[in-house]
Amino acid sequence: MSRLRRPLRTLQALPAPVRWLAAPAALLACTGAVLLSDGTYQPPLTAPTPDAKAAALCRTLMGALPPDLLGRSRTTPSPYVAVWPTKPRTVLRCGVPRPKSLDQHQGDLGPNIDGVQWYLEGDGHGGHRFTLTLHALYVEVAAPAGATPYPTDALAAVSPAVLATIPDLSGELGDQQDQ
């Protein structure tokens with residue numbers, strides 16, 4: 001018996017009123033699911049695949065990240081991804097590739113938070129994507145619209161951990177420069 005015939009036989013074995021209501025019930029369920037979801041953009045949780053050196057730095061950074069952001073406890077679904085369940089979620093991904101748009105906007109970086117330079121891009125949904133620059137690897141922080149009162153709130157929370165764990169291009173850690 002083919003794979004298509006089994007479901008058809010099962011459906012045909014049901015009483016006629018049930019068969020007639022199956023399609024409208026499925027359509028109603030799908031419509032309800034769409035209407036009940038808030039439709040808010042959520043940044044991806046895709047884990048990057050950094051090389052061995054970057055992976056070691058990422059593990060160190062993940063251990064130094066703050067446990068919460070605005071009272072929301074961090075989860076770590078991957079050794080290279082941290083998530084704070086703000087509404088919508090705020091996501092940090094460590095060891096991401098260099099943003100292609102950075103080549104076109106080199107002089108147009110973005111905010112410098114606590115001595116850490118970030119490259120700013122829109123996420124295409126009204127929020128922001130910040131990428132760590134001028135350091136040994138790229139770290140991305142996705143701050144969707146409405147996740148925090150100010151788009152840079154997440155950067156203020158993670159920048160001290162970046163300074164303490166990710167060397168700059170000269171190989172120095174930020175907390176060593178002050179000594």
Side-chain angles (χ1 to χ4, degrees), residues 40-179:
T40 303
Y41 168 73
Q42 295 286 346
L45 300 176
T46 309
T49 52
D51 61 29
K53 181 182 175 185
L57 290 171
C58 286
R59 285 190 296 275
T60 305
L61 173 63
M62 292 305 220
L65 288 173
D68 67 298
L69 174 66
L70 302 173
R72 306 289 184 147
S73 295
R74 180 188 80 204
T75 60
T76 308
S78 144
Y80 313 115
V81 178
V83 179
W84 291 272
T86 54
K87 298 277 185 194
R89 66 182 173 225
T90 301
V91 178
L92 178 142
R93 298 183 324 132
C94 186
V96 297
R98 175 186 170 90
K100 290 182 173 93
S101 62
L102 187 57
D103 294 332
Q104 300 164 349
H105 303 284
Q106 291 235 338
D108 216 11
L109 287 177
N112 185 308
I113 307 293
D114 295 331
V116 179
Q117 186 64 56
W118 297 91
Y119 171 61
L120 168 64
E121 298 177 277
D123 66 5
H125 302 277
H128 301 84
R129 183 175 36 250
F130 300 95
T131 306
L132 175 68
T133 60
L134 308 176
H135 281 74
L137 63 103
Y138 295 99
V139 175
E140 175 187 281
V141 176
T148 57
Y150 300 99
T152 56
D153 284 348
L155 301 182
V158 303
S159 288
V162 166
L163 277 177
T165 60
I166 307 295
D168 63 17
L169 293 177
S170 66
E172 298 290 322
L173 289 176
D175 57 358
Q176 293 177 346
Q177 294 172 353
D178 296 333
Q179 298 173 351

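Here the structure is a predicted model, which means the values were calculated and not measured. Position 1 is the first residue of the sequence; numbering continues from there. In what follows, every heavy atom counts, from backbone to side chain, and hydrogens, waters and symmetry copies are set aside.
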Just how far is it from atom CD1 of Ile166 to atom CG of Leu61, taken to the nearest 0.5 Å? 5.0 Å
Approximate separation, where rounding is to 0.5 Å, of Gln42 CD and Thr90 OG1: 9.0 Å
Shortest non-hydrogen contact between [X] and [Y], atoms and distance:
X      : Y      : value
Val96  : Glu140 : CG2-CB, 3.9 Å
Tyr80  : Pro48  : CD1-O, 3.6 Å
Pro85  : Ser73  : CD-O, 2.9 Å
Pro149 : Leu70  : CD-CD1, 3.6 Å
Leu173 : Pro167 : CD2-N, 3.6 Å

Could you give me the CA-CA distance, side-chain angles and deciding distance for Thr152 and Trp118, then say whether side chain to side chain contact (heavy atoms under 4.5 Å, CB included) is met? CA-CA 10 Å; Thr152 56; Trp118 297 91; over 6 Å; no
Can you list the steps and then say if Asp168 with Leu134 is a side chain to side chain contact (heavy atoms under 4.5 Å, CB included)? CA-CA 6 Å; Asp168 63 17; Leu134 308 176; 5.9 Å; no
Pair Val83, Leu45 - check side chain to side chain contact (heavy atoms under 4.5 Å, CB included), show working. CA-CA 8 Å; Val83 179; Leu45 300 176; 3.3 Å; yes
Can you label the angle between the His125 ring and the Tyr41 ring as parallel, tilted or perpendicular, going by 30° and 60°?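 Aromatic pair His125/Tyr41 classed parallel.
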Checking side-chain contact (heavy atoms from CB on, under 4.5 Å) against Leu92, which of Val139, Leu132, Leu155 comes through? Val139
With side chain to side chain contact (heavy atoms under 4.5 Å, CB included) as the criterion, how do Arg98 and Asp103 come out once you've worked through the C-alpha distance, each side chain's angles and the decisive distance to 0.1 Å? CA-CA 9 Å; Arg98 175 186 170 90; Asp103 294 332; 2.9 Å; yes
